[in-house]
Protein chains: 2
Amino acid sequence: MSRRAVSANGRSGHGSQGIPEATIARLPVYLRVLYAFAEQDIPTVSSEELAAAAGVNSAKLRKDLSHLGSYGTRGVGYDVEYLVYQVSRELGLTQDWPVVIVGAGNLGRALANYGGFASRGFRIAAVLDSDPEVVGTQIAGHGVLDVEQMEQVVARHRVSIGVIATPAGTAQAVCDRLVATGVTSILNFAPVVLNVPSGVDVRKVDLSIELQILAFHAQRRSVVRVPQDAQAVGR
Amino acid sequence: MSRRAVSANGRSGHGSQGIPEATIARLPVYLRVLYAFAEQDIPTVSSEELAAAAGVNSAKLRKDLSHLGSYGTRGVGYDVEYLVYQVSRELGLTQDWPVVIVGAGNLGRALANYGGFASRGFRIAAVLDSDPEVVGTQIAGHGVLDVEQMEQVVARHRVSIGVIATPAGTAQAVCDRLVATGVTSILNFAPVVLNVPSGVDVRKVDLSIELQILAFHAQRRSVVRVPQDAQAVGR
DNA sequence: ACGCTCTTGTGAACGTTTGCACAAAGTCGG
DNA sequence: CCGACTTTGTGCAAACGTTCACAAGAGCGT
Ligand SMILES: NC(=O)c1ccc[n+]([C@@H]2O[C@H](COP(=O)([O-])OP(=O)(O)OC[C@H]3O[C@@H](n4cnc5c(N)ncnc54)[C@H](O)[C@@H]3O)[C@@H](O)[C@H]2O)c1
Ligand SMILES: NC(=O)c1ccc[n+]([C@@H]2O[C@H](COP(=O)([O-])OP(=O)(O)OC[C@H]3O[C@@H](n4cnc5c(N)ncnc54)[C@H](O)[C@@H]3O)[C@@H](O)[C@H]2O)c1
């Protein structure tokens with residue numbers, strides 16, 4: 001991404017333009033940890049404490065937060081409540097994001113039942129399926145609608161985020177249809193590489209890939225043969 | 001990406017050492033695409049074709065594969081079957097990986113029912129839960145065992161991979177116990193940062209984080225794209 | 001055998017991310 | 001108001017990752 005543009009920013013206004021992708025991916029973790037501190041009525045945290053709770057290096061955390069602006073107080077730390085607000089705002093969580101889930105199988109049902117889903121501004125607008133046996137059943141307080149109603153649901157609720165939890169074989173078709181109806185952010189659980197036009201954002205969650213990565217490291221460990229716990233390289 | 005607590009620089013003479021983490025994360029994708037080619041009885045693929053199917057740049061793909069060795073033929077491409085074998089071997093998929101799933105709730109059941117699970121060398125050794133109501137029920141051909149039997153199950157099946165699908169509150173305790181029984185690879189679905197000793201590899205899958213990243217980009221798009229509406233971005 | 005075509009494998013340039021180290025900026029007790 | 005102390009914010013260098021671009025190698029037709 002091109003940062004480095006003339007920083008003719010009208011002062012501290014770090015626009016949401018130049019935040020590194022790696023930082024974005026960590027902000028939700030910080031946010032979660034911040035909520036935990038807030039629940040314990042802790043008013044301020046240092047970068048060291050926050051970083052420890054989030055499992056990252058404190059310099060990295062400070063640099064990450066510095067991209068949002070200068071919200072800390074030297075000698076003191078960060079105000080938890082204020083930082084929660086700033087991070088939320090940066091991530092776009094101060095608004096409501098209606099989500100449509102396509103595929104009400106094992107995974108789709110688990111997702112719909114997932115409490116943490118609705119907790120942070122994400123609201124299930126509808127759960128869709130194509131199976132007549134499934135359509136009409138009740139899941140987590142939502143009646144499963146026919147996938148044929150996708151266009152209406154997306155339009156009526158102004159859905160911009162779609163979750164694909166259908167079998168791999170139909171995922172691309174579902175994706176195309178979501179895109180055609182105006183959905184521009186897609187979270188894909190099916191084990192396929194989705195093809196989308198530019199301007200559409202796809203993220204994938206893939207259990208199988210994660211397991212394979214774990215297997216690689218597990219194998220390496222066993223092959224390399226650690227005689228005793230000599231290699232203390234831990235991050 | 002989650003932490004990798006194993007050797008930051010484990011190259012000490014062994015040939016195929018030092019494969020970049022980013023490459024490892026892509027190998028499973030290549031493998032999946034390769035299987036798709038194999039099923040169509042396509043004997044060879046060029047890096048260009050493979051890369052397109054995997055959704056990456058072809059130079060990147062070639063460099064990734066070059067880390068495993070020189071398995072292509074100039075002017076021709078890669079032999080699909082041979083490459084499947086080489087990638088599988090590199091990932092450690094030529095052996096069987098018994099997996100224990102802890103937590104037989106909505107998500108745990110979906111995972112246990114997931115077909116693609118067993119398909120690539122991963123075998124569910126047991127599904128564990130602590131709820132007496134759940135223990136004893138049948139899920140995907142597995143009787144749910146009491147979590148108290150973790151030690152026996154792990155020992156008997158030589159489990160080295162554990163999947164945590166319990167509520168966030170108990171995830172750390174479950175993790176500690178898994179580690180104590182000798183599990184060194186953990187896939188965590190609970191929305192918490194797990195603390196593990198070095199030598200243990202943790203990866204996390206976090207729906208909520210993925211949604212928040214999507215929300216960030218969606219917000220950016222909508223802010224950037226609407227010229228007439230309020231530009232309340234830079235305060 | 002030769003030249004043509006195709007495609008790999010990789011050196012080098014470029015971009016991104018990380019972590020250190022420290023000045024700057026704040027708090028606090030006296 | 002000062003000096004001791006704490007902690008942020010960031011310049012910088014190194015590590016890591018991506019992409020370009022092309023020489024070298026392989027197959028094929030003649
Ligand atoms: N279950 C898991 O833990 C898990 C893990 C990783 C990945 N996945 C992937 O997630 C996807 C769903 O898994 P699952 O276990 O829920 O499968 P499932 O078969 O239980 O459910 C799939 C559902 O999608 C519906 N469907 C099929 N085609 C459709 C279409 N065109 N439009 C709308 N709905 C349609 C089916 O009727 C069914 O209800 C699969 O691609 C699977 O590989 C699942
Ligand atoms: N369901 C989803 O789609 C989803 C998505 C993302 C993350 N998650 C996370 O995955 C986890 C599980 O979600 P879920 O929807 O399946 O929850 P759930 O409440 O349906 O299931 C949790 C299960 O864990 C069992 N359990 C609790 N403590 C245990 C212990 N100490 N040992 C063994 N088992 C124990 C419970 O008895 C229950 O059966 C949660 O942390 C959730 O935040 C779920």
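Every chain is numbered from 1 and lettered A, B, ... according to where its sequence line falls, protein lines coming before strand lines. Only this structure's heavy atoms are used, side chains among them; waters, hydrogens and symmetry mates stay out.
In this view, B:Asp176 and B:Gln172 satisfy the side chain to side chain donor-acceptor pair (under 3.5 Å) rule, not counting sequence neighbours. Applying the side chain to side chain donor-acceptor pair (under 3.5 Å) rule to B:Thr23 yields the partners B:Asp64; only residues at least two apart in sequence or on another chain are considered.
Contact check, B:Asn57 against D:dC20: a side-chain N or O comes under 4.0 Å of OP1 or OP2. Applying the 4.0 Å criterion to OP1 and OP2 of C:dT8, one finds that B:Thr73 has every side-chain N and O outside that range. OP1 or OP2 of D:dG9 lies within a sub-4.0 Å distance of a side-chain N or O belonging to A:Ser70. Contact between the side-chain N/O atoms of A:Ser46 and the OP1/OP2 oxygens of D:dT7 is not found at any separation under 4.0 Å.
Residue B:Glu21 contributes atom CD, which lies 11 Å from atom P of D:dC16 at whole-angstrom precision. When rounded to the nearest whole Å, the span between CD1 of A:Ile19 and C1' of C:dT16 equals 15 Å. Distance, B:Tyr78 OH to D:dG25 P: 16 Å, rounded to whole Å. As rounded to whole Å, 13 Å separates atom C1' of C:dT7 from atom CG of B:Leu65. Here C:dG15 presents its C1' atom at 12 Å from NZ of B:Lys60, a figure rounded to the nearest Å. Between the CG atom of B:Leu61 and the C1' atom of C:dT10 there is a distance of 14 Å, given to the nearest Å. Rounded to a whole Å, the CD atom of A:Glu48 is 11 Å from the P atom of C:dC20. Spacing between atom NE2 of A:His67 and atom P of D:dT10 amounts to 9 Å, rounded to whole angstrom units.
Checking B:Arg62 against B:Ser47 by side-chain atom types alone, a donor-acceptor pair falls below 3.5 Å. Of the N and O atoms on the side chains of A:Glu81 and A:Tyr85, not one donor lies less than 3.5 Å from an acceptor on the other residue. When only modelled atom types and interatomic distance are considered, A:Ser185 and A:Arg203 share no side-chain donor-acceptor pair under 3.5 Å.
Under the 3.5 Å distance criterion, the side-chain polar atoms of A:Ser46 are matched with a main-chain donor or acceptor of A:Glu49.
Heavy-atom distances to DNA chain C give each of A:Pro20 and B:Gly75 a nearest nucleotide, and the one nearer the 5′ end belongs to B:Gly75.
Remark: the A:Lys63 side chain and the C:dG19 base include a donor-acceptor N/O pair separated by less than 3.5 Å. At a cut-off of 3.5 angstrom, counting only N and O atoms as typed in the model, there is a donor on one side and an acceptor on the other between the side-chain of B:Arg74 and the base of C:dT8.
Note that A:Arg120 lies in the cation-pi zone of A:Tyr35, set by a 6.0 Å cut-off to the ring centre and a 45° limit from the axis.
When distances are taken from the side chain of B:Ser47 to each of C:dA21, D:dG9, C:dT8, the shortest belongs to C:dT8.
For the contact set between residues 22-45 of chain A and DNA chain C, defined by any heavy atom under 4.0 Å, the members are A:Ala22, A:Arg26.
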